[in-house]
Every structure is written in structure tokens, then in C-alpha cells.
Protein chains: 2
Amino acid sequence: MRIGELAERTGVSVRALRYYEEQGLLTSERSESGQRHYSDKAVDRVRLIQQLYAAGISSASILEMLPCVVTGEASPHVLTKLHEHRSSVVRQIEDLRGTLQQLDSVIAGAVKAHESGVPCPPA
Amino acid sequence: MRIGELAERTGVSVRALRYYEEQGLLTSERSESGQRHYSDKAVDRVRLIQQLYAAGISSASILEMLPCVVTGEASPHVLTKLHEHRSSVVRQIEDLRGTLQQLDSVIAGAVKAHESGVPCPPA
DNA sequence: TAGAAACCTGACGTTGACGTCAGAGGTAGC
DNA sequence: GCTACCTCTGACGTCAACGTCAGGTTTCTA
């Protein structure tokens, strides 16, 4: 299939697909005239890439993990990177929980001040 | 203290502190020669700014709510904004939870492939 | 055999919070 | 008063994952 069909079947923009190729994440056969042609497997490939992006993994890291798909082997190194990323996501969640508490205390204080009739200085 | 000391005490770069001032988030006294001087309270101020940034709140919004947050007083408008940001933080946490699930499914697939010597899952 | 639709390669735009550099002046220890 | 470091104001650079435009070629359809 050509790039437009792959875009339609994956829900990813044509520009994004060209970007994936630019980053080395996706390959294509070229016709005489230079147009990209893909096999059906490209659909799964793109979906995998999207899944990794959805997990907040950068292009560079995805590129590093792709040999897992290409060779069919998940190296310990890739597993380590995945676990590291998982830890960082957990940390982000914990940070946001702290932020939420901070916001809540600010809101609570603000509500109290507001109820007591103390105005806020104009910004 | 001068800007270098404030940077050291808060762990924020000198450039960032000047940026905060540029955005109207932080003020300073100027010496004859134009150098910035800060009181001890600036340390807390910078930390508060960092917390709000960590909550994904933009400079413009921080500028709008900072006076109220500092004094613990808030107009209904600022209260509304605070609640909006609280919702956005909750959403961010939910998104990250989804990210964790994505990661776990990728990790599970990778582990399985690694243990069985079977190719990585197609998606 | 048109003409529309899809495709190609650059290359600049987007967004925010800074990084970094240049050139000049200020400050502090000895 | 020398020297090393600190600070100043611009102003351009950076990063990520594309969006979007320009100008030209290829493919499909009527």
C-alpha cells in the first residue's frame, strides 16, 4: 500500500509516517518514481510505535527498543529501559499527587479567606 | 542576597530566575549598578513558582494567581482557575495511569517473548 | 488524455521554559 | 590595584513531534 492508505488504516498522519521514517522507526520500499510502498506488517509496526509513544517514550528510546521487534528478541537491556521508564512514570504520578495536595491546601485557604470577606488584590 | 546565591539555594538556574522576573513572577531590588538583590522570602517564592510549574500551570496563569496564592486570599475568579487546574492535574494523573498500563502491557509482551524465545508480539 | 488526487522533497512554524553566547561592567579577596 | 569570579542586557539556539506551505512529479479515474 502507499503512504495515504497506511495513514488511513493507522489513524496516523502522512506527515507523522514520514517523520517515523526520518527517525529510523519505519522503513519502506520505494517504487521507480520514489513513492513509498508498505506491506501489511507496517500497520502493526506503526501501531507498536504509537503504543510506545503513548507510553511517553521518546523517538530515540523507541529506536533503541526496536531491535526487539526486528529480531524478535527482548534483550535484558531493553527490559531495563522499559522498567526505568516505568519508574519515571510512577515518580511523575507521585509528584502530581504532591502538587494536588498543594493545590488543595491553597484552595482550602482561599475558600476560607473568601468566606471571611477578605478580598484578593487585583493581578 | 544576589542572584547567584538565590539560584544555589533554590536549585534553579540564574537564567530561570531572570526569566521569572521577565514574566513578572519574581521581583528584585536593584543596586546602584543594576544588580538584583533578594530577601530570604524570595526562596519560598521561587519554590512556590516551581511547584506551580510542576503542576503544568503556565507563566501567564501563575502570574494571575500568584498574589492570591501567596496571601492565601482568592477572588471567585481565581478560585475557579484553581479548580480548573486541579481538574487538569487529576486528568494528568489519569493519563499517566493509562501510560503505566501501556507500559506494563509492552513489558509483559517483552518478558514473555524473552522467556519463550518467541518473536515479540505484533502489537 | 485530461484533470483531480495523491505523492515527493525541502524547509520554515509551533510551544514554553529556559540554555548559551557575546561583550561589557561590578564585586570581592589579597 | 590585580585578578578571578559574578552579574548585566540582549538575542539567538534548543527540544519533540509533528503541521503546513511551496513547487514540482506520479498515479488514478472518467
Side-chain angles (χ1 to χ4, degrees), chain A residues 1-39 42 45-66 81 85 88-89 92 95-96 99, chain B residues 1-39 42 45-66 85 88-89 92 95-96 99 102:
Chain A
M1 78 195 84
R2 290 190 299 164
I3 198 169
E5 187 182 340
L6 181 59
E8 202 174 345
R9 286 177 60 178
T10 57
V12 167
S13 75
V14 167
R15 177 68 180 91
L17 293 176
R18 285 198 270 251
Y19 174 76
Y20 296 167
E21 183 170 318
E22 216 174 283
Q23 300 301 303
L25 306 178
L26 183 65
T27 55
S28 61
E29 305 278 315
R30 295 302 186 105
S31 68
E32 284 281 317
S33 61
Q35 296 210 346
R36 293 171 178 83
H37 287 270
Y38 302 91
S39 68
R45 175 74 159 234
V46 170
R47 287 188 181 144
L48 177 58
I49 292 170
Q50 285 266 295
Q51 189 179 19
L52 293 172
Y53 270 132
I57 300 173
S58 68
S59 289
S61 292
I62 292 177
L63 182 58
E64 204 175 348
M65 294 172 180
L66 276 179
K81 289 227 86 181
H85 190 76
S88 100
V89 172
Q92 287 175 56
D95 286 349
L96 284 178
T99 295
Chain B
M1 78 194 85
R2 290 189 298 164
I3 198 169
E5 188 181 340
L6 181 58
E8 202 174 348
R9 286 176 61 179
T10 57
V12 167
S13 73
V14 167
R15 177 65 181 94
L17 293 176
R18 284 199 271 253
Y19 175 76
Y20 296 166
E21 184 169 318
E22 215 174 285
Q23 301 300 305
L25 306 178
L26 183 65
T27 55
S28 61
E29 306 277 315
R30 296 300 187 107
S31 68
E32 284 281 316
S33 60
Q35 297 210 343
R36 294 171 178 84
H37 287 269
Y38 302 92
S39 68
R45 175 74 159 230
V46 170
R47 288 189 180 143
L48 177 57
I49 292 171
Q50 286 269 297
Q51 285 236 336
L52 294 173
Y53 271 131
I57 299 173
S58 69
S59 291
S61 292
I62 293 177
L63 180 59
E64 196 176 358
M65 63 178 62
L66 203 47
H85 284 298
S88 120
V89 172
Q92 287 176 55
D95 286 350
L96 284 177
T99 295
Q102 295 277 344

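By convention in this document, chain letters (A, B, ...) are assigned in the order of the sequence lines, proteins followed by strands, and residues within each chain are numbered from 1. Only heavy atoms go into these numbers, but all of them, side chains included; no hydrogens, no water, no symmetry mates.
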remark   = Between A/Tyr20 and A/Glu32, whichever has its closest DNA chain D nucleotide further toward 5' is A/Tyr20
ask   = Expressed in angstrom and rounded to an integer, what is the separation of A/Leu63 atom CG from D/dA17 atom C1'?
value = 15 Å
inquiry  = Would you say B/Glu21 and B/Ser28 are linked by a side-chain donor-acceptor pair, where the criterion is simply a distance under 3.5 Å?
reply    = yes
Of A/Arg45, A/Gln50, A/Arg15, the residue whose pairing with A/Tyr20 passes side-chain hydrogen bond (donor to acceptor under 3.5 Å, both in side chains) = A/Gln50
remark   = By nearest-nucleotide position on DNA chain C, the 5'-leaning member of A/Gly34 and B/Ser13 is A/Gly34
query = Does B/Arg18 place a side-chain N or O at less than 4.0 Å from the phosphate oxygens OP1/OP2 of D/dC8?
reply = yes
ask   = Nearest-Å distance, CD (B/Glu29) to P (D/dC8)?
value = 14 Å
task = For A/Leu17 and D/dA17, give me the distance from atom CG to atom P, rounded to whole Å.
result = 15 Å
task = Decide, yes or no, whether a salt bridge links A/Glu22 with A/Arg18 under the criterion of side-chain N to carboxylate O below 4.0 Å.
result = no
query = Quick one: do the A/Tyr53 and A/Ser59 side chains pair a donor with an acceptor below 3.5 Å?
reply = yes
Look for any protein N or O under 3.5 Å of an N or O in nucleotides 20-22 of chain C and output each such pair with its distance, or none.
{"from": "C/dT20", "atom 1": "O4", "to": "B/Arg15", "atom 2": "NE", "distance (Å)": "3.1"}

query = What's the CD-P distance between B/Glu8 and D/dC5, to the nearest Å?
reply = 15 Å
query = C/dT9 P sits how many Å from A/Glu21 CD, rounded?
reply = 8 Å
query = Could you give the CG-to-P distance, from B/Leu6 to D/dC6, as a whole number of Å?
reply = 15 Å
ask   = Within this structure, what is the CD-to-P distance between B/Glu22 and D/dT9, rounded to whole angstrom?
value = 10 Å
query = Considering only C/dC8, D/dT9, C/dC18, which nucleotide approaches the side chain of B/Arg36 most closely?
reply = D/dT9
Would you tabulate the nitrogen or oxygen pairs shorter than 3.5 Å linking the protein to nucleotides 27-30 of chain C?
{"from": "C/dT27", "atom 1": "OP1", "to": "B/Ser33", "atom 2": "OG", "distance (Å)": "3.2"}

query = Think B/Ser58 has a side-chain N or O under 4.0 angstrom from the OP1 or OP2 of C/dG16?
reply = no
message = As an exercise, state the distance from CD1 of A/Ile62 to CD1 of A/Ile57, rounded to the nearest 0.5 Å.
response = 6.0 Å
query = Would a distance-only check, ignoring hydrogens and angles, find a side-chain to backbone donor-acceptor pair under 3.5 Å from B/Arg36 to B/Ser31?
reply = no
task = May I have the distance from B/Arg30 (atom CZ) to D/dC8 (atom C1'), rounded to whole angstrom?
result = 8 Å
ask   = Strictly by modelled atom types, are B/Gln35 and B/Arg2 linked by a side-chain donor-acceptor pair under 3.5 Å?
value = yes
task = Look up atom CD1 in A/Ile49 and atom CG in A/Leu17, then write down how far apart they are to the nearest 0.5 Å.
result = 8.5 Å
ask   = Hey, what do you get for CG (A/Leu6) to NE2 (A/His37), rounding to the nearest 0.5 Å?
value = 12.0 Å
task = May I ask you to evaluate whether B/Tyr19 reaches the phosphate of C/dG16, defined as a side-chain N or O under 4.0 Å from OP1 or OP2?
result = no
